Amino acid sequence: MASAPAAAPSTTDILPRRRVVGYAMGDVANNVAFQMTSLFLMVYMTDIAGVSAGIAGAIYGVTKVWAGVTDLFAGNTVGRKQTKHGRLRPWLIWVSPFLAISLVALFSTPASLGPMATVAWILLFDAAFQLCYSFVNIPYGSLSAAMTENATDRSRLAGARSIGGAVTGVVLSLVLSPQFEDTTVDGIRMTFTLATLALAALALVFYWVCFKNTEEVVPASTGTVTLRTTLAMVRQNKPLIILCLGAMFLLAGSFTMNAVMMYYARDVVGGAGYFTLLYVFQTVGTIAIASVIPRVSERFGKRTGYVGLALFAVLGLVIIGLTPTGNLPIAMFAFLIYGIGFGGTNALMFSMQADTVDYGEWKTGTRAEAGSYSILSFVRKTGQGIGGFLGGAIIAAFGYVSGAPDQTDQAVQGIKVAAGWAPAVLCLIAVLLMLVYPLTAKEHSGIVQDLHRRRARSALGETAHDAAVVLTPRGDQLIARRPVVTLNEMYGAGAAYVAPRVAEKLGVPYAGLAFSSEDLERASSSNAKVLAEDTTGKSLRWLHSFSWPGMDVNVATESGDAQAGTNMVSKNIDEVVGLVKGFGGVVLGRDATAILDNMRGAVHIRMIGEVEDRVERAATDYGISRELAEQRQVREDRMRPRMSRRLMQWEPTDDGRYHLIIDTSQMSLDEAVEEIVAAVEAEREMVDLDLPDETEDD
């Protein structure tokens with residue numbers, strides 16, 4: 001007998017550790033290539049290949065802008081063709097050999113070439129490298145969204161990727177920075193070629209590991225957002241435009257410093273070996289701020305947090321510029337401060353980009369997560385190019401001599417200007433731009449609520465002539481033909497008893513909570529095995545994030561997480577609409593109050609009570625101990641409102657959202673049923689005055 005085919009992996013299954021680690025190996029490979037050029041190409045060109053600092057900066061600038069163009073091209077090319085290995089993973093194998101070849105060639109400039117031929121060689125192979133890198137990095141970056149729709153697992157992938165990239169940078173600095181201590185020694189070119197060859201070979205191995213240990217399970221979107229529609233959206237998206245301009249100056253400042261960081265370590269601090277130490281301190285600052293970014297966003301708002309952290313980066317850069325020659329402790333402190341500031345603004349930048357996607361959809365009707373991300377990526381690459389160009393131009397203007405064993409005091413001062421003062425000015429321009437960033441937390445919340453209303457109207461349909469449909473459009477409102485009731489409760493207030501009895505009396509369907517108390521209880525566990533034993537079909541790992549302390553604001557870390565949140569909201573809206581669309585209904589929880597708030601005739605109820613009464617009722621009604629009832633009361637009074645705030649951007653404890661507040665500490669549950677039914681009947685009498693006769697709809 002033939003065996004049954006294996007079931008396809010679910011898009012919300014918990015990702016095994018090997019897939020997370022395998023995905024991280026892809027970013028290790030990426031950073032072997034990317035950080036080789038970002039951190040060491042400038043000094044390689046000047047001190048080994050013999051290119052003047054000004055021309056080296058120009059090459060750096062041109063190829064980084066070219067990299068932005070290739071990102072746009074790759075973003076509109078990859079993912080279109082389905083293969084047996086998926087749409088994205090094959091690109092890692094198809095293009096990575098060409099990436100490795102171009103990387104090795106870039107760092108293997110023949111000594112026999114003349115000055116012009118040397119420039120042509122580097123420019124050609126750097127351009128080839130950037131093209132290949134786009135066609136590896138863009139599918140790699142998109143792969144996390146194709147591996148899972150579980151938001152928690154996407155955060156695991158993002159975290160593993162960040163750690164892999166950070167560790168790779170430190171290891172690269174340990175391996176390569178000593179090579180720049182004396183670039184006049186015999187055989188330095190061959191040493192660099194062999195080192196790059198070994199690193200490129202390792203990168204190919206890591207790409208293969210990533211390919212073998214990842215899997216695409218999320219189906220491709222059926223819709224296509226073209227570059228034309230994306231650009232049309234961008235023209236009307238003021239927040240995205242300002243964010244991109246700020247990003248350009250911020251990245252220009254960062255890469256001006258990156259381009260000359262090796263010079264700074266060697267000629268200012270006192271040795272090329274100190275490069276690793278400075279880089280480690282910068283990385284420590286970046287990792288430290290990343291852990292508290294959600295709280296910064298929640299307390300101060302994203303715009304204020306971005307501005308404050310960018311000023312922190314400016315402070316670090318000013319200290320870098322002021323550091324006395326040979327003073328390692330002050331330099332380490334300066335790079336720590338800079339790492340905190342730049343790391344924080346970089347994290348908030350991507351979170352704010354996700355918000356601009358909502359604004360773009362609200363303004364133009366076009367939702368383009370990938371499109372807006374590619375625009376931001378293009379602008380970031382442009383900023384990197386500007387930074388690299390400025391770094392080379394500044395040190396050239398101050399008299400830096402390529403390959404010289406010692407630099408003049410003026411040249412050393414030029415390195416300080418390029419590493420500290422010039423980046424500080426560029427970051428300060430980014431601060432001034434972001435001061436006029438218009439999308440505040442309050443405005444974004446209103447936009448998201450409006451988008452939810454639009455999606456609800458779309459899902460409910462504009463079919464007034466269908467007698468089975470619950471709604472009639474009336475101007476900007478939808479008027480319920482049959483009873484619709486939403487109930488929101490504090491745990492233990494008795495809604496589980498009241499809601500089905502109201503539905504029975506009204507003769508309409510009833511729908512209970514989407515997540516039970518047991519679901520939230522299991523999701524709050526810190527035991528990975530408990531979270532993995534998901535037999536309910538619900539994503540307990542996703543729910544787990546709502547139990548974390550201090551996480552009332554959802555800070556998306558990447559475009560894929562923004563898409564995951566959109567998908568969750570859309571699914572919830574469709575389910576609620578489906579429950580009431582045909583014959584009305586009574587819905588408990590599910591954010592139905594917010595989803596149906598524009599429906600005249602729907603009655604929204606909030607059930608409350610004293611804590612002691614609610615705990616006692618829950619223990620009795622559910623047959624559980626008082627201790628367990630107390631635990632559930634604390635958990636659910638925290639988690640359920642948090643879910644509403646983060647996903648639907650509304651405040652369920654706001655009494656103004658409800659027609660009726662029922663305190664079950666003051667009345668019996670049967671009395672509550674009668675009061676709700678009476679409220680519905682009274683609302684029906686008012687609505688009937690506005691409804692046309694049934695014959696008018698035929």
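Model, not experiment: these values are computed from the prediction.
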**OP:** Answer whether the closest heavy-atom distance between the side chains of V260 and M42 falls below 4.5 Å.
**Re:** no

Original post:
Can you find a heavy atom in the side chain of M248 that is under 4.5 Å from one in the side chain of R380?
Top reply: no

Subject >> Contact summary for T345 and A310, nearest pair of heavy atoms >> reply: CG2-N, 3.2 Å

Subject >> W66/K381 under side-chain contact (heavy atoms from CB on, under 4.5 Å): CA gap, chis, key distance, verdict >> reply: CA-CA 8 Å; W66 162 247; K381 290 287 181 70; over 6 Å; no

Original post:
Would you say the side-chain atoms of Y400 pair up with the backbone N or O of I394, donor to acceptor, closer than 3.5 Å?
Top reply: no

Original post:
Counting only N and O atoms by type, is there a donor-acceptor contact under 3.5 Å from the side chain of D27 to the main-chain atoms of N30?
Top reply: no

Original post:
Looking only at atom types and distance, does a side-chain atom of R89 sit under 3.5 Å from a main-chain N or O of T214, one as donor and one as acceptor?
Top reply: yes

Original post:
At what distance, to the nearest 0.5 angstrom, does OG1 of T37 lie from CE of M45?
Top reply: 9.5 Å

Original post:
So which heavy atom on T256 is nearest to which on A418, and how close?
Top reply: CG2-O, 3.2 Å

**OP:** Give the intermediate values and the outcome of side-chain contact (heavy atoms from CB on, under 4.5 Å) for residues V32 and V171.
**Re:** CA-CA 9 Å; V32 167; V171 172; over 6 Å; no

Subject >> Student check: side-chain heavy atoms of Y60 and S38 closer than 4.5 Å >> reply: yes

Original post:
What distance separates F342 CZ from M349 CE, expressed to the nearest 0.5 Å?
Top reply: 6.5 Å

**OP:** Let me see the working for N213 and Y23 under side-chain contact (heavy atoms from CB on, under 4.5 Å), right down to the final yes or no.
**Re:** CA-CA 7 Å; N213 289 279; Y23 181 75; over 6 Å; no

Subject >> Exercise: do T63 and D126 side chains pair donor with acceptor under 3.5 Å >> reply: yes

Original post:
Short question: side chain of W208, backbone of A203 - any donor-acceptor pair under 3.5 Å?
Top reply: no

Original post:
How are the rings of W91 and W94 set relative to one another: parallel (under 30°), tilted (30 to 60°) or perpendicular (over 60°)?
Top reply: perpendicular

Original post:
Between S254 (side chain) and L250 (backbone), is there a donor-acceptor pair under 3.5 Å?
Top reply: no

**OP:** Answer yes or no: is there a side-chain heavy-atom contact under 4.5 Å between L172 and L199?
**Re:** yes

Original post:
Looking only at heavy atoms, what is the nearest atom pair of T109 and Y44, with distance?
Top reply: N-OH, 3.1 Å

Subject >> Audit row: Q35, Y279, side-chain contact (heavy atoms from CB on, under 4.5 Å) steps and yes/no >> reply: CA-CA 12 Å; Q35 296 202 44; Y279 191 84; 2.6 Å; yes

Subject >> Residue pair L243 / M434, side-chain heavy-atom distance below 4.5 Å >> reply: yes

Subject >> Centroid-centroid under 6.0 Å between Y264 and Y274 rings >> reply: no

Original post:
Are any of the side-chain heavy atoms of S52 and T46 separated by less than 4.5 Å?
Top reply: no

Subject >> Spatial distance of atom CZ (F129) from atom CG (L41) [nearest 0.5 Å] >> reply: 9.0 Å

Subject >> From CZ (F107) to CD1 (I48), nearest 0.5 Å >> reply: 9.0 Å

Original post:
Are side-chain heavy atoms of C244 and F378 found at a separation under 4.5 Å?
Top reply: no

Original post:
Do the rings of F34 and F255 sit parallel, tilted or perpendicular, given the 30° and 60° boundaries?
Top reply: perpendicular

Subject >> Flag side-chain contact, heavy atom, 4.5 Å: F135 against L131 >> reply: yes

Original post:
With a 3.5 Å cut-off and no angle check, do the side chains of Q236 and Y359 form a donor-acceptor pair?
Top reply: no

Subject >> Where L88 and P139 come nearest, the two heavy atoms and their spacing >> reply: O-CB, 3.7 Å

Subject >> Closest heavy-atom pair and its distance - I395, A53 >> reply: CG1-CB, 3.6 Å

Original post:
Distance from F192 atom CZ to L106 atom CG, nearest 0.5 Å?
Top reply: 10.0 Å

Original post:
Per the side-chain hydrogen bond (donor to acceptor under 3.5 Å, both in side chains) rule, which among T168, T283, T276 passes with S173?
Top reply: T276

**OP:** Classify the side-chain pair Y263/D47 by whether it contains a donor and acceptor separated by less than 3.5 Å.
**Re:** no

**OP:** Looking only at non-hydrogen atoms, find the nearest pair between T286 and G339 and report the distance.
**Re:** OG1-O, 3.2 Å

**OP:** Quick one: pull up CG in L245 and CG in L240 and give me the separation to the nearest 0.5 Å.
**Re:** 9.5 Å

Original post:
Just by distance, with hydrogens left out, do Y133 and D71 show a side-chain donor and acceptor under 3.5 Å apart?
Top reply: no

